[in-house]
Amino acid sequence: MQLLSTNVCFGGEHRRYQHHSAALDCDMEFAVYLPPVAVGSNPQKVPVLYWLSGLTCTDQNFMQKAGAQKKAAQLGIAIVCPDTSPRGLDLPGEHDSYDFGSGAGFYLNATRQPWAPHYRMYDYVVKELPQLVEGHLPVTEDRSISGHSMGGHGALIAALKNPGQYRSVSAFAPIANPSECPWGQKAFSGYLGDDPKTWEEWDATLLIPGASERLPLLVDQGTADDFLESQLNPEALVEACEKVHHHINLRMHRGYDHSYFFIASFIDDHLEHHAQALGLR
């Protein structure tokens with residue numbers, strides 16, 4: 001790992017790293033916030049919250065806009081933010097639209113060409129990045145996961161598909177039923193092919209019935225979100241959870257939109273949710 005930059009923040013450190021990803025076969029950058037107890041001359045290992053960002057984002061959006069560092073410093077929790085897709089590949093059509101290709105990896109493992117060798121963000125986030133972080137930084141193997149929009153979708157499927165790997169999961173305005181919305185259909189058909197059966201393992205709403213672990217789901221959604229009706233469909237996720245008694249707490253917030261103003265307003269609640277599951281509360 002190559003350290004790109006570091007900033008002192010609430011007594012801890014915000015760092016950006018670059019490394020070569022075997023899963024994606026390209027160089028990647030990610031950010032990490034280490035709380036005060038994890039830095040200095042006698043660092044203590046701390047648990048990690050993995051944050052997955054949404055369409056068009058990089059590792060920097062959450063760290064600069066969410067305002068999570070103060071609460072993370074108080075709780076003693078690290079935050080790791082990967083990028084949202086491979087970078088620097090210049091595949092045909094990769095940069096043509098905001099919702100497919102660059103900045104839009106959708107946290108799945110692509111099977112169609114030319115995406116399959118590189119667009120394996122699921123393997124990167126679930127397997128490679130935690131191994132890298134735990135091998136080089138003062139963190140434990142205790143993990144939680146959260147995200148926003150496309151990243152909320154990623155957080156939900158990562159937890160549902162990997163029982164025992166995460167202590168808790170939450171999401172802000174997740175793409176809850178991607179098989180049934182334009183964003184998801186475009187990504188799934190492009191990365192996976194046109195058979196909807198192959199999409200099912202990447203759709204949280206469709207994974208809920210067969211989930212072998214029932215981690216409580218905390219989901220925040222703004223009522224003024226421009227994408228609520230056309231793309232996000234939290235009601236489908238709630239209905240799937242109710243049918244199999246999978247606990248979900250969907251909190252609808254009047255007047256809030258899809259932006260980081262919304263995330264910043266409620267990020268402390270999510271950090272408290274994860275801290276309790278990680279034994280910090």
- Kindly indicate, with the supporting measurements, whether the criterion side-chain contact (heavy atoms from CB on, under 4.5 Å) is fulfilled by N249 and V219. CA-CA 6 Å; N249 181 12; V219 178; over 6 Å; no
Can a donor-acceptor pair be found between the side chains of [X] and [Y] at a distance below 3.5 Å?
| X | Y | value |
| --- | --- | --- |
| H253 | D220 | yes |
| Y122 | E201 | no |
| S259 | K65 | no |
| S149 | H258 | yes |
| H95 | D90 | yes |
| R15 | S5 | no |

- Message: Measuring only between side-chain heavy atoms, which start at C-beta, is D203 closer than 4.5 Å to N177?
- Response: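 Yes, their side chains come closer than 4.5 Å.
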- Considering only heavy atoms from C-beta outward, does the side chain of Y17 approach that of H136 to under 4.5 Å? no
- Message: Determine whether the aromatic ring centres of residues F62 and H148 are separated by less than 6.0 angstrom.
- Response: no
- Item | Centroid separation Y256 to F261 less than 6.0 Å |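 No, too far apart.
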- How far apart are the C-alpha atoms of R87 and E29, what are their side-chain angles, what is the distance that settles it, and do they pass the salt bridge (Lys or Arg N to Asp or Glu O under 4.0 Å) test? CA-CA 9 Å; R87 300 288 177 172; E29 296 177 359; over 6 Å; no
Do the side chain of [X] and the main chain of [Y] share a donor and acceptor less than 3.5 angstrom apart?
| X | Y | value |
| --- | --- | --- |
| S85 | S102 | no |
| S21 | C26 | no |
| N162 | A158 | yes |
| Q69 | M63 | yes |

Below 30° counts as parallel, above 60° as perpendicular, anything between as tilted: where do the rings of [X] and [Y] land?
| X | Y | answer |
| --- | --- | --- |
| F106 | H153 | tilted |
| F100 | Y191 | parallel |
| H274 | H270 | tilted |

- Message: Applying side chain to side chain donor-acceptor pair (under 3.5 Å) as the test, list every pair that has at least one member in residues 234-248; sequence neighbours left out.
- Response: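 Applying side chain to side chain donor-acceptor pair (under 3.5 Å) to every pair that reaches into residues 234-248, excluding sequence neighbours, yields R214-H246.
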- Query: Going through the distances and angles, do R251 and D269 end up as a salt bridge (Lys or Arg N to Asp or Glu O under 4.0 Å)?
  - Reply: CA-CA 11 Å; R251 309 192 307 179; D269 291 353; 3.0 Å; yes
